[in-house]
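This report refers to the structure that appears directly beneath it.
None of the values given here were measured: they were computed from a predicted structure. Each chain gets a letter, A, B and so on, in the order its sequence line appears, and its residues count up from 1.
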Amino acid sequence: MPELAEVEFFRKRWHSAAVGLQIKEVAVHPSAKIFRGTDPQKLKASLKGKKLLSSKAAAKQMLFRFSSDLWLGIHLGMSGDLYVREPDHIPEKHDHLVLYTRRNSLVLTDPRMFGRVRLHVGSSVPDWWGNIAPAILSPEFTIKRVTDFLTRRGRAPLKAVLLMQQCFPGIGNWMADEILWRAAIHPKQPAGSLTTSEVKRLWRECRHVCRLALKKIAGDGSDVPADLNVNIPITWLFRHRWKVGGKCPRTGTPLVHEEVGGRTTCWAPARQKLRT
DNA sequence: GTGCTTGTTGGCCA
DNA sequence: GTGGCCAACAAGCA
């Protein structure tokens with residue numbers, strides 16, 4: 001499930017529940033594939049007794065910092081979820097990691113196990129964290145950067161290119177469709193064929209969708225919204241894209257669904273025309 | 001049973 | 001070496 005804003009939502013949920021608290025006990029599901037590359041028993045032994053100091057999110061990744069230079073990196077894959085439960089939570093079928101504090105328990109659940117958990121020890125962030133591309137809302141995400149990337153991936157459909165994390169960190173399937181729909185560009189349009197003004201529109205809508213998604217999904221302040229997605233306005237494609245017979249909220253015309261770039265893609269043909 | 005699913009990676013091929 | 005495409009990973013849901 002999680003794209004940029006959902007990831008931030010999950011980070012906040014763990015953070016606000018347990019920042020400053022000590023991890024009294026840790027439960028791991030030793031055979032869970034999300035621990036690939038990391039020894040779950042070592043992770044368990046390392047985290048026990050440590051205090052959660054801070055956290056951050058970038059792209060679809062999260063990083064939780066604990067005392068003693070310990071860092072927990074989490075990627076939620078397709079179906080991962082972080083939630084908070086009572087202090088005596090008994091792990092359920094897909095709960096692969098549980099961190100117990102005196103007040104609650106932090107639970108990582110992921111049925112499909114496309115997610116990933118890793119441990120890092122050191123005084124600074126792990127190398128892989130530093131390799132995440134500049135955030136879309138950062139000054140480094142420039143029109144030139146986008147133009148160069150689209151040129152390099154010139155023959156690929158734009159939809160597929162928007163999913164590439166090297167340039168568009170945090171964008172996933174629904175955000176890509178939302179951006180293309182707002183920018184009024186066809187998902188199959190070859191990335192290298194965009195006009196200057198189309199690239200500019202694309203760049204602007206990337207930033208716009210990221211900004212609004214963070215606000216609506218992850219919340220404004222330090223508070224965590226009660227639920228994911230409850231605040232998404234009806235004017236977004238998001239609210240219509242999975243409905244049978246769904247209509248474009250701007251034109252009222254039918255939406256279509258088709259696989260583009262290996263992913264189910266939704267668009268409004270009335271707004272998004274393919275240029276040849 | 002069938003055919004999907006908000007992600008990423010590695011292998012193949014041009 | 002680079003870029004484009006696709007299967008694979010695994011489990012649940014309609």
Side-chain angles (χ1 to χ4, degrees), chain A residues 1-11 29 31-38 57-62 73-83 91-96 108-118 128-129 131-133 136 148-181 187-193 206 209-210 212-214 216-218 227-232 236-246 255-267:
Chain A
M1 181 206 298
E3 303 179 21
L4 185 81
E6 290 97 346
V7 170
E8 173 61 5
F9 172 86
F10 290 131
R11 179 200 69 80
H29 189 294
S31 61
K33 289 199 170 60
I34 61 164
F35 295 115
R36 58 190 179 280
T38 299
K60 297 172 190 169
Q61 313 256 8
M62 284 166 282
I74 297 179
H75 189 297
L76 291 172
M78 192 87 102
S79 58
D81 190 341
L82 301 186
Y83 56 91
E92 291 163 18
K93 190 174 177 188
H94 301 296
D95 296 346
H96 308 302
L108 164 59
T109 191
D110 184 3
R112 294 174 71 182
M113 291 188 280
F114 290 173
R116 185 169 185 187
V117 168
R118 42 190 166 181
W128 58 263
W129 184 265
N131 293 335
I132 297 172
I136 287 172
D148 292 348
F149 192 78
L150 297 185
T151 304
R152 197 140 50 86
R153 301 291 181 156
R155 294 191 311 281
L158 190 53
K159 167 63 185 278
V161 176
L162 275 177
L163 295 174
M164 295 178 181
Q165 303 296 297
Q166 317 93 282
C167 188
F168 303 100
I171 300 297
N173 205 32
W174 80 256
M175 288 181 84
D177 287 353
E178 192 79 33
I179 290 164
L180 290 170
W181 172 72
K188 289 185 189 172
Q189 193 69 43
S193 72
C206 281
V209 169
C210 284
L212 286 181
L214 284 167
K216 298 292 184 187
I217 293 172
D227 288 299
L228 271 171
N229 305 340
V230 291
N231 296 321
I232 300 282
W236 288 38
L237 178 65
F238 183 92
R239 294 279 301 270
H240 308 266
R241 55 172 296 142
W242 291 287
K243 285 184 197 160
V244 177
L255 298 171
V256 299
H257 297 85
E258 198 181 309
E259 191 167 296
V260 181
R263 309 298 302 280
T264 299
T265 299
C266 173
W267 74 93

Of the residues in residues 161-169 of chain A, which ones touch DNA chain C at a heavy-atom distance under 4.0 Å?
none
Separation between the C1' atoms of C/dG4 and B/dT6, rounded to whole Å
23 Å
Using side-chain heavy atoms (C-beta onward) and a distance below 4.5 Å, is A/L76 in contact with A/K60?
no
Could you tell me the separation between the CD atom of A/E3 and the CZ atom of A/F168, rounded to the nearest 0.5 Å?
14.0 Å
Under-3.5 Å N/O pairs linking protein and nucleotides 8-14 of chain C:
from: C/dA10; atom 1: OP1; to: A/K33; atom 2: NZ; distance (Å): 2.6
from: C/dA10; atom 1: O4'; to: A/R112; atom 2: O; distance (Å): 3.4
from: C/dA10; atom 1: N1; to: A/R112; atom 2: NE; distance (Å): 2.9
from: C/dA10; atom 1: N1; to: A/R112; atom 2: NH2; distance (Å): 2.2
from: C/dA10; atom 1: N3; to: A/R112; atom 2: NE; distance (Å): 2.9
from: C/dA11; atom 1: O3'; to: A/H94; atom 2: NE2; distance (Å): 3.3
from: C/dG12; atom 1: OP1; to: A/K93; atom 2: NZ; distance (Å): 3.3
from: C/dG12; atom 1: OP1; to: A/H94; atom 2: NE2; distance (Å): 2.7

Would you say A/D177 and A/K159 make side-chain contact, with heavy atoms under 4.5 Å?
yes
Measure the spacing between NE2 of A/H29 and CZ of A/F35 and express it to the nearest 0.5 Å.
9.5 Å
Pair pattern of DNA chain B in dot-bracket, where unpaired bases get dots and | marks partners in another strand, Watson-Crick or G-U under 3.5 angstrom
.||||.||||||||
Per atom distances to the A/E6 side chain, the nearest of B/dT6, C/dG4, B/dT8 is B/dT6
If you round to the nearest 0.5 Å, how far is CG of A/L237 from CG of A/L255?
6.0 Å
Non-neighbouring partners of A/F9 that pass ring-ring contact (aromatic ring centres under 6.0 Å, His included), sequence neighbours left out:
none
Mind checking salt bridge (charged side-chain N to carboxylate O under 4.0 Å, His left out) for A/E259 and listing every partner two or more places apart, or none if nothing turns up?
none
Between A/F10 (CZ) and B/dT6 (P), how many Å, whole number?
15 Å
Quick one: pull up CG in A/L162 and CZ in A/R263 and give me the separation to the nearest 0.5 Å.
12.5 Å
Taking side chain as C-beta onward, heavy atoms only, is A/H96 less than 4.5 Å from A/D110?
yes
Rounded to the nearest Å, what distance is computed from the CZ atom of residue A/R36 to the P atom of nucleotide B/dG7?
15 Å
How many angstroms lie between CD1 in A/I136 and CD1 in A/I171, if you round to the nearest 0.5 Å?
3.5 Å
Using a 4.0 Å heavy-atom cut-off across all strands, classify A/G154 as base, sugar-phosphate, or nothing.
sugar-phosphate
Select one nucleotide: of B/dT6, B/dG7, C/dC5, the one nearest the side-chain heavy atoms of A/P157.
C/dC5
Can you tell me how far CE of A/M175 sits from CD of A/E6, rounded to the nearest 0.5 angstrom?
7.5 Å
Enumerate the protein-to-nucleotides 12-14 of chain B contacts in which both atoms are nitrogen or oxygen and the separation is below 3.5 Å.
none

Classify A/R116 by what it touches in the nucleic acid, base, sugar-phosphate, or nothing, heavy-atom distance under 4.0 Å.
nothing
Picking from C/dG3, B/dT6, B/dG7, which would you name as closest to the side chain of A/W242?
B/dT6
For the residue pair A/W174 and A/W236, categorise the inter-ring angle as parallel (less than 30°), tilted (30 to 60°) or perpendicular (more than 60°).
tilted
Find out whether A/Q166 and A/R153 are in side-chain contact, i.e. whether some heavy atom of one side chain is under 4.5 Å from a heavy atom of the other.
yes
Just N and O in the side chain of A/R263: are any of them under 4.0 Å from OP1 or OP2 of B/dG7?
yes
